[in-house]
Protein chains: 2
Amino acid sequence: MASAALKDELDIVIPTIRNLDFLEMWRPFFEQYHLIIVQDGDPSKTIKVPDGFDYELYNRNDINKILGPRSSCISFKDSACRCFGYMVSKKKYIYTIDDDCFVAKDPSGQDINALEQHIKNLLCPSTPNFFNTLYDPFREGADYVRGYPFSLREGVPTAVSHGLWLNIPDYDAPTQLVKPLERNTRYVDMVLTIPKGTLFPMCGMNLAFDRELIGPAMYFGLMGDGQPIGRYDDMWAGWCCKVICDHLGLGIKTGLPYIYHSKASNPFVNLKKEYLGIFWQEEIIPFFQSHIFSKDCTTVQKCYVELSKQVKEKLGKVDPYFVKLADAMVTWIEAWDMLNPPNKDSANASTK
Amino acid sequence: MASAALKDELDIVIPTIRNLDFLEMWRPFFEQYHLIIVQDGDPSKTIKVPDGFDYELYNRNDINKILGPRSSCISFKDSACRCFGYMVSKKKYIYTIDDDCFVAKDPSGQDINALEQHIKNLLCPSTPNFFNTLYDPFREGADYVRGYPFSLREGVPTAVSHGLWLNIPDYDAPTQLVKPLERNTRYVDMVLTIPKGTLFPMCGMNLAFDRELIGPAMYFGLMGDGQPIGRYDDMWAGWCCKVICDHLGLGIKTGLPYIYHSKASNPFVNLKKEYLGIFWQEEIIPFFQSHIFSKDCTTVQKCYVELSKQVKEKLGKVDPYFVKLADAMVTWIEAWDMLNPPNKDSANASTK
């Protein structure tokens, strides 16, 4: 119902499909949508997409051609390249999912339509300014409880819907190594707004967002080929998005929907990708927790460029990587604005 | 298991028992604990407690006798009087429950041992400084997810466990009037820490706390007889506790356990009690959201007295009620320290 209404307003972005069962399994839920596939590796290899799907596919050569020198901001040989798909989309909403994520079942045994739940989450307001103990007050059968200030009950627009994973939990390498057999079997029937001022670990496996509201901040950074870290792409995007949403009065929800995460990635490979991030994160988190935007930051782009300056100045001391990342953040915004000219955006907005 | 271990460390505080079935229903779970019953109304009426329960009962005459002139801080003819029970208890933990709350069933049809879950919540740390998307990382089958800073994984001591209610939700009078038939039927299998810096509506229906950590801030204010408002007793305590926990590095959890809330209170009566609070709350929330404690505030008592001064200064402008409340907050601390001499507390602590 809600999902049908958004047929022409949502693109699904997938960062390479290695698993041919993936799209077949999602066919009933995805076939009506347009897919944007961003191939993360060797551009000479061909990705087979089953018949019946409406899709466009970008490999590294395409990215280089479209962005020119600005393509340096898009990661190579890493699923972080998916953010190129966010940039070339012309739709209001994006859903991104990994190719090892399958359809999960709810406790009654029914297949979960993850996309439909994300759309529900995005279409109703968030409540970042005060915690509601019955969680999302806009859900059927729920409301604001006694003591919730009436002036805050309109909520704020929802920019991001962060979905979860049954089976293989999204653990870091050390936790994977310590708990190789742990599986997430608990279905928590709940959606909540992450409160204002609170950071969270945003996972890109099962994520939807409103690209008109927050798209330019959904940059997955520099990972993979030639970079010292990996597996912090979605985290970086999450921390940037969260501080910008807090500043601009937008909301981020987490909880439902679940997907079924089928396969744990190799913890030894992951440790190699993560270990610098594990150190750096101890500086990154206090940086984001204490960040305050100036009053001039009235758009996502302005916030993001100002943030990049602070990243260079404050995190550049931690490692030269952050100087490079800060430059890439600016390049990303230039590339975004090139593909999404501000005039066109506002023209789009005015026709709605 | 956990609950048996705390047999001698927890008191159950109940603000008057009107319903004789109440204790019978809870007998298997409560009988091993000591009960403190604080009678909220006419002291000449007798409360019948079934055989087999170990209890002490306080009526208004007892409160007046024990506290002398300081008894003015304890509400009369309102369940807010329960906080007297927190003060006279000599145990480390308190569980407080209303007499219209019965044993709930989990989705498998089993009776929920609410107290056991509260004890679990209180005995493992809270995580207020960063949001974990799989919720309480200390729960079996869960952990911290990728991207959660390692330096924050020890967590902080848990001071409060806020439980929820199936059946009749804890709505304010306007919502009760608009949605008379709404019932909470969703069992959300989850406990989480309310993030630092975020306020929440703390309900006193099904609440446990560590009185050594936060007891002196668990004051339920001036409600009922002779006071202009009601139904903000637990809310007030919750806001005070939250800002003090945030300042002192303590945690507050919400979620499981559920009780079955059997009876909606009269929305017309509630509206009369609440309406001034509904206005005042719009000033109270920004007051708490912007409150910062001085560095001298190293104990709950010091925080609470400093908070009372700010209440008088800033909320006293909203209504003279807050001047009276601020004075009562100081009286409460004097009474608390009279019944819980600091020396004795530290002596207790040192023998553990």
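Chain letters run A, B, ... following the sequence lines, proteins first, then strands; residues in each count from 1.
- The side-chain heavy atoms of B/L134 and A/P169, taken from C-beta on, include a pair separated by under 4.5 Å.
- Chosen from B/T198, B/L152, B/I285, B/D143, the residue pairing most often with chain A at heavy-atom distances under 4.5 Å is B/D143.
- Within the 4.5 Å cutoff, no side-chain heavy atoms of B/P201 are placed close to those of A/Y144.
- Considering only heavy atoms from C-beta on, A/F131 stays 4.5 Å or farther from B/L199 through its side chain.
- Counting heavy-atom pairs closer than 4.5 Å to chain B, the top residue among A/L164, A/N184, A/T254 is A/L164.
- Counting only distance, with no hydrogens or angles, the side chain of B/E282 and the backbone of A/P149 share no donor-acceptor pair below 3.5 Å.
- Counting non-hydrogen atoms of neighbouring residues, nucleotides and ligands closer than 6.0 angstrom, the NZ atom of A/K242 exceeds 12 such neighbours.
- Looking at every heavy atom in both residues, A/H162 comes nearest to B/T133 through CE1-CG2, 3.6 Å.
- The part of B/E140 that comes within reach of chain A is its backbone (N, CA, C, O), which places non-hydrogen atoms under 4.5 angstrom from that chain.
- Per-residue counts of heavy-atom pairs under 4.5 Å with chain A were compared for B/S151, B/P107, B/G197, B/G277; the largest is that of B/S151.
- Looking only at heavy-atom pairs under 4.5 Å with chain B, the residue among A/D170, A/V188, A/N132 that has the most is A/D170.
- Only the side chain of B/K179 comes within less than 4.5 Å of a heavy atom in chain A; its backbone stays farther off.
- If you measure heavy-atom distances from B/N270 to chain A, you find no contacts under 4.5 Å at all.
- Heavy-atom distances place no part of B/Q176 under 4.5 Å from chain A, backbone and side chain included.
- In terms of heavy-atom pairs under 4.5 angstrom with chain A, the leader among B/Y187, B/W239, B/Y232 is B/W239.
- Here the OH atom belonging to A/Y171 is positioned 13.5 Å from the OH atom belonging to B/Y148, to the nearest 0.5 angstrom.
- Side-chain atoms of B/R186 come within 3.5 Å of backbone N or O of A/D189 as a donor-acceptor pair.
- The contact between A/P174 and chain B is made entirely by side chain atoms (from C-beta outward), counting heavy-atom distances below 4.5 Å.
- One N or O on the side chain of B/Q289 and one on the backbone of A/N129 form a donor-acceptor pair closer than 3.5 Å.
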- Task: I would like to know whether B/F150 and A/D172 meet side-chain contact (heavy atoms from CB on, under 4.5 Å); could you show each step before the answer?
- Result: CA-CA 10 Å; B/F150 281 83; A/D172 48 68; 3.6 Å; yes
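- Between the side chain of A/R146 and the backbone N or O of B/M235 there is no donor-acceptor pair closer than 3.5 Å.
- Proximity to chain A (any heavy atom under 4.5 Å) is restricted, for B/L192, to the side chain, taken from C-beta onward.
- Both the backbone and the side chain of B/R231 come within less than 4.5 Å of a heavy atom of chain A.
- Taking chain A as the reference chain and counting heavy-atom pairs below 4.5 Å, the highest number among B/I284, B/D234, B/T185, B/I278 is found for B/D234.
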